[in-house]
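A short worksheet on the structure shown next.
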Amino acid sequence: MKAHLAAVLVLAAPAATSALAQQQDFSKVEIKAEKVAEGVYMLTGAGGNIGLSVGRSGTYVIDDQFAPLTDKILAAIRAITPDPVRFVINTHLHGDHTGGNENLGKAGALVVAHENVRRRMSAEQFSATFNRTTPASPEGALPVVTFTEAVTFHWNGDEIRVHHVAPAHTDGDSIVRFVKADVVHMGDLFFNGGYPFIDTSSGGRVDGVIAAAEETLAAIGEKTRIIPGHGPLATRADLQSYRDTLTLLRDRIAKLKAEGKSRDEVIAAKPTADHDAKWGAGFMKGDTFTGLVYDSLR
Ligand SMILES: [Zn+2]
């Protein structure tokens, strides 16, 4: 469990990997709520950004960070609404997005996710990038409603469309779109302001990350607010800049790979160097990102 926590904390705590020990102390984490649209909020604490919808149907949560934070998350929600959490959506399997599942399930929420989230959480997972094994989740933490392509919630006066995308950050990613509120939660398909982690051990592929950004850009408007998996609340322009950067770097790395260079040679060529100051300042460094892009290119 400790190793698992460390793995997800690396993801959750950009720029703080050397302070990992302190990061494991959840007592210092504060959950903050930011209003995104009428009835829609983004909650931040430690781990993936949480989406929250409140209103006449009930409370609806997208991702739930770490188990030790559930009480604080519920307190932050109670400051907004007295209604209990009815649904939890997992954008993907990682522990910094699903760690609260068991607690929220016990409190009466139904956890919903793509079938690959449940499949992977049901078995031990190994991350080659972090050389760590995550044990299978207990039954109470597993999504109880799964879907293969998409599911729509008619909830809180909105249409909340959840749909699965081709392998990207993992092979179980979903995007959640509030049609009326004009808000999108992209989970870890979008790291706002940093290189994304491409979890190749969980079926992730850089081409899928770029495709998910393209698809979202085509579907949203100028005023759409985007909740990223990590990083601050985003605009369409932020997502465009992310897409452009990833496309440029993917093409550079693909060219080197096509020339026959090995993984080590491509990393040594530093194809991301001119972007590392801006995009590699968080937990995902240019070299690691380059290796993951290389691995996931076909
Ligand atoms: Zn993730």
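Side chains included, hydrogens not; waters and symmetry mates left out as well; all remaining heavy atoms used. Indexing begins at 1, ligand by ligand and atom by atom, following the structure's order.
Note on I220: it does not cluster hydrophobically with V36, by side-chain heavy-atom contacts below 4.5 Å among ILVMFWY residues.
Atom ND1 is the N/O/S atom of H94 found closest to the Zn ion (ligand 1). Summary: NE2 is the N/O/S atom of H92 found nearest to the Zn ion (ligand 1). Here the N, O or S atom of D188 that is nearest to the Zn ion (ligand 1) is OD2.
Among the backbone and side-chain atoms of D96, no N/O/S atom is found under 2.8 Å from the Zn ion (ligand 1). Counting backbone and side-chain atoms alike, H169 contributes an N/O/S atom closer than 2.8 Å to the Zn ion (ligand 1).
Applying the ring-ring contact (aromatic ring centres under 6.0 Å, His included) test to F289 and every residue at least two apart in sequence or in another chain returns Y195. The side chain to side chain donor-acceptor pair (under 3.5 Å) check on R236 picks up nothing, with sequence neighbours excluded.
In this structure, F191 and F283 have tilted ring planes: the angle between them lies in the 30° to 60° band.
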Output, in order, the C-alpha distance, side-chain angles, deciding distance and verdict of side-chain contact (heavy atoms from CB on, under 4.5 Å) for N90 and V111. CA-CA 7 Å; N90 293 150; V111 181; 3.4 Å; yes
